[in-house]
S.K.: 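Just dropping this structure here.
Chain identifiers are assigned alphabetically (A, B, ...) following the order of the sequence lines, protein sequences preceding nucleic acid strands; residue numbering begins at 1 within each chain.
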There are 2 protein chains.
Amino acid sequence: MAKRVRTTRTGISDVAARAGVSLATVSRVMNGNQTVDAQIAERVRIAASELKYQPNPTGRNLARGKTDTIGVVVPDLGNPTFQGVLRGVSRAAAQDGYRVLIADSSEVSSEEAILAGEARRRCDGVVLCAPRMGAAELEELAPSLHPLVLVNRATNATGSPSVIVDYGRGIQDLAAHLVGLGHTRLAYVAGPASSSSHRLRLAGLDAFKASHSGIEVQVFSNGSTFEDGHSSAGDVLASGATGIMAFNDLTAMGLLSALNERGIRVPEDLSVTGFDDIPFARYTTPPLTTATVPIQDVGEQAWAQMKELLNRAPNAAAEAGEPASTTFTPTLTVRGSTAPPPGKG
Amino acid sequence: MAKRVRTTRTGISDVAARAGVSLATVSRVMNGNQTVDAQIAERVRIAASELKYQPNPTGRNLARGKTDTIGVVVPDLGNPTFQGVLRGVSRAAAQDGYRVLIADSSEVSSEEAILAGEARRRCDGVVLCAPRMGAAELEELAPSLHPLVLVNRATNATGSPSVIVDYGRGIQDLAAHLVGLGHTRLAYVAGPASSSSHRLRLAGLDAFKASHSGIEVQVFSNGSTFEDGHSSAGDVLASGATGIMAFNDLTAMGLLSALNERGIRVPEDLSVTGFDDIPFARYTTPPLTTATVPIQDVGEQAWAQMKELLNRAPNAAAEAGEPASTTFTPTLTVRGSTAPPPGKG
DNA sequence: ACGGATTGAGAAAACGCTTTCTCAATCATT
DNA sequence: AATGATTGAGAAAGCGTTTTCTCAATCCGT
C-alpha cells in the first residue's frame, strides 16, 4: 500500500515542522500567548502564513470544550418577528466572534425540546424562542439547556434570563389610543390560545377594562396569520365594535384586506391596529397604527445576556445571583389606520 | 487537591462501565453497527438510556472528520430573498439531519470571503449568496470553499454547482405583459450596478428590445431598497414612460408609495411591476404584478445540490463530471398594479 | 474431532488541537 | 561564584469519539 497519500489539510504539525519548533509553540503563537520568544514567534507566523495554515475548529473545539457558537431555536423562520430576533442575535454575536446555528422547528412544537437539546450539545448556549411550549415543559427543559436565554418567555427555573416584550402594556397603549379617539366599543382579534404573548395581551386588556369602566372590549378567538385576520372580518363586523385590535400586524393586514373587499373603509368606518411593527406595517393601505416592538434590539439583548452567562465561571451561577432579565416596552406608533369612530370625527 | 471533581457530562466511558463493555462496543451500538451481539447491544442501550447518554458532537466531529453542518452566507438577513433561501436550505437540510450555520455579512462585501472561509472550516460545505462579489474574487475563492453551492451566481471554477433564477427571462415576461396591455414606453428602475441579478435583467431587456422594435425601454440607475424606489418617482414621471418595471418588489413598493403621495394613480395613470413576489407583494395597494421567484425552492434545491456534493467521494469530482446546476424561471403573477395605459383602456 | 472461517469484542491508534507538566537555560541576588 | 527565581520551549496528556487492528471464541465442513 502506498505511503498514506496526504489527504488531510495542512495542520499544526506542518507548521511546527517548517518553523522547526514544537506543536505546543505553534499553538501558543496562534493563540497570542506571550510567553514565546519574539524571534521564534515571528518564525512561526511566517511558516503559518506561507502554508496558509488555519487552525481546524473542530480540534480546537474539542480541546477547549467550547465551540464559539450559540444555537437559536425559532418556531418559524418565515415569521418576521423571529427573523428580527435571529438577525439581532446573529449580528451582535458576530461582533464578539460567535456564530449562530439555527434550528427551525417548523411550528412543530413537539420537536422544540429535541431541537433545543441538539443545538445545546453542539453549541455553547441556546437562545430559545418557543412561544407555544407549555410552562411545565419549559421549566423541565431549561436546566438542561443552560446557558439559556429565553425570548418572550419567563421561567422559574433558576439561572435563565429572559428578554421579554411587555405585550400587556403595548395593548393597553393601543386601547388607550383608540379610546382617546372616541371609541367605546373595542374588540381584540386574538392570537393562538397557546401563545404566551397572546395571554399577556389578554391580561393587559383585563387591566385596561378594570380602569376604564365605560369601555366594552370583546375578544374573538383567532390565530396569528394573514388568513386568520382575513377570516375574522365577519365576526368583527357583527360585533359592532369600532376599534379593532388585531393580534399582530399580519392579522391586522388580513383584516384590512377583508374589510377592503367588503367596502368597509379604514379608518373612516373602522379603526384597526396591529402589533409588532414589522417592516411592512408602514406600507399597508392605510399604514398601520401599531405597537412598535424593537425586535432586533430584543435579539441583540438576548446575545448580551448570553454573553454574560458565558463569561461567568461555570459554577458562579449561584454566587452571582439571578441574571438580570430585560423588558422592552412597545411604543405606540400612530399611522393611518386609526381615527375617531363614525359620527365622532 | 480534591479528586478532580466530576465536571464533564456523562460520556461514552460511563456507559461502557455501566454496561460492562468496552468503549468500542458502546460506539458500535450507538452507531447501529450490526456486529454486536443482540444481548450486549441491549445492555448497552439500557445503560445509555439510564444515564441519558448523548454522544458529544464535537468528539464525533473530530473522529469522523465531518460536522453534519453546512454554512449559509448571506449579505443581509433582513432581506426577504435571503430569508427565503435560508429557510429553504434550513428545512431541507434538517430533513437530512444537517444543521445550518448562518453568516450574515451585513452587506460588507469585503467580509464575505472571510466569512465564507470561516464557515467552510466549521462546516462540511457552504451555500454562498454573494450577489455583489466580483467575478474574479469569486472564481478565486470557490475552490477553497468546496463543497460549495452558489445561489444566483455562476462561476467557471469547476465542481461548484449553482442554483440560479432566470432574471432575464422574468423581466422579459414582465415587459411583454406591459406591452400586451398596450404600453409602448417602458422604464426599468434599475438595481445596484454591482448586482449580478441586475445585470441579468439588463441583458434580458436588451433581448427584449431586439425583438420589439417599436418599444422604448428607458433605464434609470437606482438601488434595491424601498427608499431607492421612493426616490425614483421624479425620474419615472419625467420620463413619460407608462409601464414601469422596478428592480424588485421592495423598490416597486417604494415607488408605489411615492406615486401615491403625488396623487398619481396606479394602475390607471401608470403601471408598476415588481420582481420576486416576496410575501408582502400581494398586500400592497394595489397588489403588485410581479415575477414570482420560488425563492424557498431555490433554497431547497441548493441543499439538494449540496447533498449531492457531500455524497460524492472526496476525489470523485472529476469522474462524476460537472455537477448539474439548476435554473428556476420566474412566473408572471398579474395583480392589480398593471393595466392598459391611459387612453388605451 | 481437527484445521480453517467467521464472529464479535477489546485494545489502541487516530482525529487536530490546547494546556499542563517538566526541565534546561538564563537571570538576578548576596 | 554559588544558589534560587524566572523564562521559555518541548513532551505528553488530555478532549470524546470512531475505527482499525488483534485476537479469542465460536462455527463449519469433512
S.K.: Return the nearest nucleotide to the side chain of A:Ser22; candidates are D:dG10, D:dT17, C:dT18.
M.R.: D:dG10
S.K.: Using residues 91-100 of chain B as the side-chain source, report each donor-acceptor pair under 3.5 Å to any protein atom, sequence neighbours left out, with the distance given to one decimal.
M.R.:
unit_1  : atom_1 : unit_2   : atom_2 : d
B:Arg91 : NE     : A:Asp104 : OD2    : 2.9
B:Arg91 : NE     : A:Ser106 : OG     : 3.2
B:Arg91 : NH2    : A:Asp76  : OD1    : 3.3
B:Arg91 : NH2    : A:Asp104 : OD1    : 3.4
B:Arg91 : NH2    : A:Asp104 : OD2    : 3.3
B:Asp96 : OD1    : B:Lys307 : NZ     : 3.2
B:Asp96 : OD2    : B:Trp303 : NE1    : 2.6
B:Asp96 : OD2    : B:Lys307 : NZ     : 3.2
B:Tyr98 : OH     : B:Lys66  : NZ     : 3.4
B:Arg99 : NE     : A:Glu118 : OE1    : 3.0
B:Arg99 : NH1    : B:Asp68  : O      : 3.2
B:Arg99 : NH1    : B:Gly97  : O      : 2.6
B:Arg99 : NH2    : A:Glu118 : OE2    : 3.4
B:Arg99 : NH2    : B:Gly97  : O      : 3.1

S.K.: If you assign B:Gly59 and B:Ala38 each to the DNA chain C nucleotide with the nearest heavy atom, which residue ends up on the more 5' nucleotide?
M.R.: B:Ala38
S.K.: What is the distance from CG of B:Leu51 to P of D:dG16, rounded to the nearest Å?
M.R.: 15 Å
S.K.: Does a side-chain N or O from B:Arg60 land closer than 4.0 Å to OP1 or OP2 of D:dG16, or not?
M.R.: no
S.K.: Measure from the side-chain heavy atoms of B:Ala24 and tell me the nearest of C:dT18, D:dT19, D:dT18.
M.R.: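 Among C:dT18, D:dT19, D:dT18, the one nearest the side chain of B:Ala24 is D:dT19.
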S.K.: What is the distance, to the nearest angstrom, from the CD1 atom on A:Ile40 to the C1' atom on D:dT7?
M.R.: 12 Å
S.K.: Of B:Gly20 and A:Ile12, whose closest DNA chain C nucleotide lies nearer the 5' terminus?
M.R.: B:Gly20
S.K.: Could you measure the distance from the CE atom of A:Met30 to the OG1 atom of A:Thr25? Nearest 0.5 Å is fine.
M.R.: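 These two atoms lie 13.0 Å from each other.
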S.K.: Could you state the atom-to-atom distance from CD of A:Gln54 to P of C:dC17 in whole Å?
M.R.: 11 Å
S.K.: To the nearest 10 degrees, how far apart in direction are the end axes of the helix from C:dA1-D:dT30 to C:dT30-D:dA1, each fit to five base pairs?
M.R.: 30°
S.K.: Using 0.5 Å steps for rounding, measure from the OG1 atom of B:Thr81 to the CD atom of B:Gln296.
M.R.: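 Reported value, rounded in 0.5 Å steps: 12.5 Å.
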S.K.: Counting neighbours of CD on A:Glu139 that are heavy atoms of other residues, nucleotides or ligands and sit closer than 6.0 Å, is the number greater than 12?
M.R.: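 Yes, because the 6.0 Å sphere around CD of A:Glu139 holds more than 12 heavy atoms from other groups.
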S.K.: Mind checking the CG-OG1 spacing from B:Asp124 to B:Thr69? Nearest 0.5 Å is all I need.
M.R.: 6.5 Å
S.K.: Given atom CG of B:Asn33 and atom P of D:dT19, what is their separation to the nearest angstrom?
M.R.: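 Going from CG in B:Asn33 over to P in D:dT19 covers 9 Å.
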S.K.: Using whole Å, what does the distance between atom P of nucleotide C:dA9 and atom CG of B:Asp37 come to?
M.R.: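 Whole-Å distance recorded here is 5 Å.
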S.K.: Quick one: is A:Asn31 getting a side-chain N or O under 4.0 Å of the C:dT18 phosphate, OP1 or OP2?
M.R.: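 Yes, because at least one side-chain N or O of A:Asn31 sits under 4.0 Å from OP1 or OP2 of C:dT18.
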S.K.: Rounded to whole Å, how long is the line connecting atom CE of B:Met30 with atom P of D:dT19?
M.R.: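 To the nearest whole Å, that distance equals 14 Å.
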S.K.: Quick one: label A:Asn61 by what it contacts on the DNA or RNA (base, sugar-phosphate, nothing), any heavy atom closer than 4.0 Å.
M.R.: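 A:Asn61: no heavy atom of the nucleic acid under 4.0 Å.
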S.K.: Tell me what B:Thr35 touches on the nucleic acid: a base, only sugar-phosphate, or nothing, going by heavy atoms under 4.0 Å.
M.R.: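 Sugar-phosphate, backbone atoms only, no base.
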S.K.: Distance from B:Glu137 atom CD to B:Ser110 atom OG, nearest 0.5 Å?
M.R.: 8.5 Å
S.K.: Which of these nucleotides, D:dG10, D:dT17, C:dC15, is closest to any side-chain atom of A:Val21?
M.R.: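 Selected nucleotide (nearest to the side chain): D:dG10.
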S.K.: So does B:Tyr53 get a side-chain nitrogen or oxygen closer than 4.0 Å to the phosphate oxygens (OP1/OP2) of D:dG16?
M.R.: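 It does not, given that no N or O in the side chain of B:Tyr53 lies less than 4.0 Å from OP1 or OP2 of D:dG16.
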S.K.: Which residue lies toward the 5' end of DNA chain D, B:Ala63 or B:Arg28, if each is placed at its nearest nucleotide?
M.R.: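 The answer here is B:Ala63.
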S.K.: Answer with base, sugar-phosphate or nothing: what part of the nucleic acid does B:Thr25 contact at a heavy-atom distance below 4.0 Å?
M.R.: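 It contacts sugar-phosphate atoms only.
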S.K.: Return the value, rounded to whole Å, for the distance between atom CZ of A:Arg9 and atom C1' of C:dC15.
M.R.: 14 Å
S.K.: What distance separates A:Leu141 CG from A:Leu148 CG, expressed to the nearest 0.5 Å?
M.R.: 7.5 Å
S.K.: Between C:dT19 atom P and A:Arg64 atom CZ, what is the distance in whole Å?
M.R.: 7 Å
S.K.: I need the A:Asn79 CG to B:Arg87 CZ distance, nearest 0.5 Å.
M.R.: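 One gets 9.0 Å once the value is rounded to the nearest 0.5 Å.
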